2 protein chains.
Amino acid sequence: MARLPLYYRALLEVSDAEVGTVSSERLAELAGVNAAKVRKDLSYLGSYGTRGVGYEVEYLLHEISRELGLTEDWPVVIVGVGNLGAALANYRGFGARGFRVTALVDSDPDKIGRHIGSLVVEDLETLASVVETRAIAIGIVATPAQAAQEVADRLVHAGVRSILNFAPTVITVPNHVSLRKVDLATELQILSFYQRRLTAMPNGGGPAGAPTARTERTEEHS
Amino acid sequence: MARLPLYYRALLEVSDAEVGTVSSERLAELAGVNAAKVRKDLSYLGSYGTRGVGYEVEYLLHEISRELGLTEDWPVVIVGVGNLGAALANYRGFGARGFRVTALVDSDPDKIGRHIGSLVVEDLETLASVVETRAIAIGIVATPAQAAQEVADRLVHAGVRSILNFAPTVITVPNHVSLRKVDLATELQILSFYQRRLTAMPNGGGPAGAPTARTERTEEHS
DNA sequence: CCGACTTTGAGAATCCGGTCACAAGGTCCT
DNA sequence: AGGACCTTGTGACCGGATTCTCAAAGTCGG
């Protein structure tokens with residue numbers, strides 16, 4: 001499931017402070033989801049957790065990180081070293097656990113050879129050998145939209161099975177390849193959509209609910 | 001719907017090349033979704049499009065951009081000018097349509113006063129007045145996880161109604177505020193999850209489907 | 001050792017979005 | 001003008017995900 005990483009992070013939080021066990025209730029709160037959902041999800045990867053007590057934090061943490069493949073490490077290549085690509089290369093956020101950015105490639109001769117952090121930007125033409133020699137598992141596409149599909153094709157051809165696409169376009173891959181996308185412009189447009197709703201109808205927006213209730217909503221937008 | 005931006009982009013593509021009209025079929029292809037879904041979605045914002053012909057590109061484009069609020073412009077503030085914040089500030093991707101990054105704020109004295117593009121980083125403490133004087137509508141949270149909730153609270157308090165969260169943590173807002181998140185680490189972990197699946201069971205992964213069929217999958221992962 | 005209390009795990013009910021299928025409406029050629 | 005053909009709009013259906021609910025399992029204090 002796509003919620004495992006959420007639980008993982010929630011577990012990390014509790015493992016700092018408290019010790020021993022967490023209830024599904026508490027986990028749900030931390031992860032911003034329903035408690036029943038937490039239990040369903042967790043039971044789906046085996047019956048860890050004892051009734052009347054909760055889940056043993058350390059053990060569950062271990063199980064989830066194994067399930068997520070966080071115990072192995074996955075070399076990453078970033079294709080396209082513009083603003084975004086460069087920022088991603090420096091981003092500690094995922095240098096942190098298991099994901100090492102191992103190579104940067106670009107097709108722009110001006111950028112090839114440039115140093116970014118401890119890496120050197122390499123030629124897109126050498127992608128295949130880069131992927132092979134460094135056992136790259138994950139490719140990040142951070143190119144302009146026009147180049148994205150071709151880059152994806154090359155990644156797939158080179159043997160990459162997981163692609164994260166930041167380019168603002170739909171790309172297509174064979175179905176043995178995993179594809180996820182992060183689309184910044186789209187996110188803003190969605191916000192804009194709701195914003196417009198709000199300002200269009202000055203007051204009568206919410207359906208008489210408690211106006212200051214705190215809800216964790218990220219996907220649905222009620 | 002959250003698919004409107006997709007259609008919008010697809011329409012932009014066709015508006016370059018061809019002229020006149022598009023069928024839902026073609027739009028679906030461009031946007032990577034089912035044709036029936038396109039029709040449902042579009043019919044949901046009124047009956048544009050004539051039977052037997054399709055949708056008039058320019059008109060539909062106009063309608064969608066109005067619906068998405070892309071005709072107005074939404075000043076954006078970025079809170080937290082680390083790697084990611086700085087990259088976002090420079091990113092042309094959403095400077096492009098309607099979204100102007102109008103202010104940058106940070107709490108780090110070393111960063112305050114620094115120039116990024118044409119903007120100067122301002123003090124987080126002045127957030128309220130920045131939001132008010134510049135009529136900021138959207139806040140982007142690009143701080144470390146620990147600071148994210150407080151920053152969000154401040155944004156809400158200052159009157160921001162739409163927040164895009166890049167910090168790797170769950171944040172909570174009153175329910176009259178729209179919240180979306182972009183979680184890079186989570187995306188990678190999800191890829192890692194499927195990657196592990198693949199390598200764990202060397203061959204028998206896919207259920208006998210055509211192994212090289214091209215599918216656009218981003219959310220479901222079969 | 002027993003009873004009160006807590007919390008999981010899973011079966012049942014419900015909700016929601018996606019897909020299918022087809023009638024209604026409209027174009028274009030003859 | 002008429003018929004063949006095309007594409008939309010929509011009602012019906014389907015399946016998966018979410019939520020509700022409750023019995024089973026386990027702890028803890030006395």
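From a predicted model like this one, the values you see are computed outputs, not experimental measurements. In the text below, chain A, chain B and the rest are named by the order of the sequence lines, each starting its count at 1.
- Under the 3.5 Å distance criterion, the side-chain polar atoms of A:Arg196 are matched with a main-chain donor or acceptor of B:Arg66.
- One atom, CD of A:Glu56, and another, C1' of C:dT7, lie 16 Å apart when rounded to the nearest Å.
- Separating the CG atom of B:Leu27 from the P atom of D:dT7 is a distance of 13 Å, rounded to the nearest angstrom.
- At D:dT8, one or more side-chain N or O atoms of B:Ser24 fall inside 4.0 Å of OP1 or OP2 (strictly under the cut-off).
- Computed from coordinates, the A:Glu25 CD to D:dT19 P distance equals 13 Å when rounded to whole Å.
- When the side-chain nitrogen and oxygen atoms of B:Thr50 are compared with OP1 and OP2 of C:dG26, none of them lie within a distance under 4.0 Å.
- An OP1 or OP2 oxygen of C:dC20 is reached within less than 4.0 angstrom by a side-chain nitrogen or oxygen of B:Asn34.
- Taking atom CG of B:Leu45 as the reference point, atom P of D:dT10 lies 12 Å away to the nearest angstrom.
- The phosphate of D:dT18 has OP1 or OP2 within less than 4.0 Å of a side-chain N or O from A:Arg3.
- Rounded to whole Å, atom P of C:dG9 lies 8 Å from atom CG of A:Leu42.
- Side-chain atoms of B:Ser192 come within 3.5 Å of backbone atoms of A:Leu68 as a donor-acceptor pair (strictly under, hydrogens ignored).
- We find that CG of B:Leu6 is positioned 12 Å from P of C:dG18, with the value rounded to whole Å.
- Residue whose closest nucleotide on DNA chain C sits further toward the 5' end, between B:Asp41 and A:Ser43: A:Ser43.
- Checking the phosphate oxygens (OP1, OP2) of D:dT10, no side-chain nitrogen or oxygen of B:Lys40 falls inside 4.0 Å.
- Atom pair B:Arg51:CZ and D:dT8:C1' shows a separation of 5 Å (rounding to whole Å applied).
- Using a distance-only test at 3.5 Å, with no hydrogens or angles considered, a donor-acceptor pair links the side chain of B:Ser23 to the main chain of B:Arg26.
- Counting non-hydrogen atoms under 4.0 angstrom, B:Tyr44 reaches nothing in the nucleic acid.
- Contact annotation: A:Tyr55 side-chain N/O to C:dG9 OP1/OP2 distance is under 4.0 Å.
- The closest donor-acceptor contact from the side chain of A:Asp41 to the backbone of A:Leu45 lies at 3.5 Å or more, if one exists at all.
- As rounded to whole Å, 18 Å separates atom C1' of C:dT8 from atom CZ of A:Arg26.
- In A:Glu72, the CD atom is crowded: over 12 heavy atoms of neighbouring residues, nucleotides or ligands sit closer than 6.0 Å.
- Between B:Arg39 and the phosphate of C:dG18, there is no side-chain N or O to OP1/OP2 separation shorter than 4.0 Å.
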